[in-house]
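Being a predicted model, the structure only gives us computed values, none of them experimental. Chain letters run A, B, ... following the sequence lines, proteins first, then strands; residues in each count from 1.
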Number of protein chains: 2
Amino acid sequence: MFLAMATTDTNARFCCQPLMENVLTEDAAAELATLLKALADPVRLRIMSIIAAAPNSEICTCDLPDLLDRSQPTVSHHLSQLTKAGLVEREQRGKWAWFRIAPERLEAVANALHA
Amino acid sequence: MFLAMATTDTNARFCCQPLMENVLTEDAAAELATLLKALADPVRLRIMSIIAAAPNSEICTCDLPDLLDRSQPTVSHHLSQLTKAGLVEREQRGKWAWFRIAPERLEAVANALHA
DNA sequence: ACATCACATTGATGTTTGTCGATACGATAC
DNA sequence: GTATCGTATCGACAAACATCAATGTGATGT
């Protein structure tokens, strides 16, 4: 939905007539870029993938440093990025933190990419 | 297709039983991350959007600096990134460079995001 | 209370990225 | 050829990012 998210905010002149209606606003572009950026890292993609493949579609943080071959602070940082972007949701259970994918949010990104 | 792109490359131990089958390989994750990174910038998203909305779904580079409010070198750099990622295709016509979206490539990214 | 465990935060470091001025390249027009 | 125009490349710089060791925090169990 490069189209669907669209509202115009530019009134520029052109020499080859591109129309500026139905084009991503600077704001809309920034918002979508933020989401894509949150996904655009191999470690974070693998986290999403691991969650999607896990029983009950949820994981405990404790497994990730081993699975991802990254330090605990690094994993924590990536989970925080994904959470902040709204792509995963965090739930505390005793001392463990569990994460699930926020499907609507992920779907929104995927849909935004269909022209 | 966090699932569809999957083949395993990790045999880690776990305390909360996540399965490591059907999980993105490090290589697959890196590849997908590269594509997402190419899209994860407001200027590049607007470029894609402008192309998608343009007549004949193509644009001449010459219009972009004005439309995007960025210098010519900056625009050139972003177009180069998108081209390198295979998300757009370049065609020289006289002195002008024209760009079109590579739909399969963009679709592949979108599909990879459906769980 | 105390020790322990799971996780977050801080601080530091090397790398990558977006940006632009200056310049080089390549095609067109004269 | 020479001038001009559209675009790419180079060099520099500041901002953002991934990473980890060290430390802080908050809950559990004894």
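The two residues A/Leu64 and A/Ile50 make their nearest non-hydrogen contact at CD2-CD1, 4.2 Å. The shortest non-hydrogen separation linking B/Ser49 to A/Leu24 is OG-N, 2.8 Å. Among all heavy-atom pairs drawn from B/Leu67 and B/Arg46, the shortest one is O-NH1, 3.8 Å.
By the salt bridge (Lys or Arg N to Asp or Glu O under 4.0 Å) test, A/Arg105 is found to be paired with no residue, residues two or more places apart in sequence or in another chain being considered. For A/Glu104, there are no side-chain hydrogen bond (donor to acceptor under 3.5 Å, both in side chains) partners at least two apart in sequence or on another chain.
Between B/Ile59 atom CD1 and D/dG6 atom C1' there is a gap of 14 Å when expressed in whole angstrom units. Distance CG (A/Leu36) to P (C/dT17): 15 Å, rounded to an integer number of Å. One can place CH2 of A/Trp96 at 17 Å from C1' of D/dT25, the figure rounded to the nearest angstrom. Taking atom NZ on B/Lys84 and atom P on D/dT9, their separation rounds to 11 Å, with Å as the unit. Separating the CG atom of B/Leu64 from the P atom of D/dT7 is a distance of 9 Å, rounded to the nearest angstrom. The distance between atom CH2 of A/Trp98 and atom P of C/dC7, rounded to the nearest whole Å, is 10 Å. For the pair B/Ile47 CD1 and D/dT7 C1', the computed distance is 14 Å after rounding to whole Å. Distance, A/Glu91 CD to C/dA8 P: 14 Å, rounded to whole Å.
Here B/Ser76 lies in heavy-atom contact (under 4.0 Å) with a base.
By the 4.5 Å heavy-atom criterion applied to side chains, B/Ile51 and B/Phe99 are counted as neighbours.
The distance from the CD1 atom of A/Ile101 to the CG atom of A/Leu106 is 6.0 Å, given to the nearest 0.5 Å. With rounding to the nearest 0.5 Å, the separation of CD in B/Glu91 from SG in B/Cys60 is 11.5 Å.
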Under 3.5 Å, which protein N or O atoms sit close to an N or O of nucleotides 16-23 of chain D? Give each pair with its distance.
unit_1, atom_1, unit_2, atom_2, d
D/dA18, OP1, A/Arg44, NH1, 3.3
D/dA18, OP1, A/Arg44, NH2, 2.9
D/dT19, OP1, A/Arg70, NE, 2.8
D/dT19, OP1, A/Arg70, NH2, 3.1
D/dT19, OP2, A/His78, NE2, 2.4
D/dC20, OP2, A/Ser71, N, 3.1
D/dC20, OP2, A/Ser71, OG, 3.0
D/dC20, OP2, A/Thr74, OG1, 2.6

Salt bridge (Lys or Arg N to Asp or Glu O under 4.0 Å) assessment of A/Arg100 paired with A/Glu58 = CA-CA 5 Å; A/Arg100 311 180 63 82; A/Glu58 59 180 10; 2.8 Å; yes
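Residue B/Arg90 has a polar side-chain atom (N or O) positioned under 4.0 Å from OP1 or OP2 of D/dA8.
In summary, the side chains of B/Thr83 and B/Ser80 do not present any donor paired with an acceptor at a separation below 3.5 Å, with no hydrogens or angles considered.
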Less than 3.5 Å apart, which donor and acceptor atoms pair up between the side chains of residues 37-45 of chain B and the rest of the protein, not counting sequence neighbours?
unit_1, atom_1, unit_2, atom_2, d
B/Asp41, OD1, B/Val43, N, 2.8
B/Asp41, OD1, B/Arg44, N, 3.2
B/Arg44, NE, B/Ala38, O, 2.6
B/Arg44, NH1, B/His78, ND1, 2.9
B/Arg44, NH2, B/Lys37, O, 3.2

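When the C1' atoms of four end pairs are superposed on the next four at each end of the helix from C/dA1-D/dT30 to C/dC30-D/dG1, using five pairs per end, the two resulting axes differ in direction by 20°, to 10°.
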remark   = A correct 5'-to-3' footprint of nucleotides 24-30 of chain C, with B, S and - meaning base, sugar-phosphate only and no protein heavy atom under 4.0 Å, is ---SS--
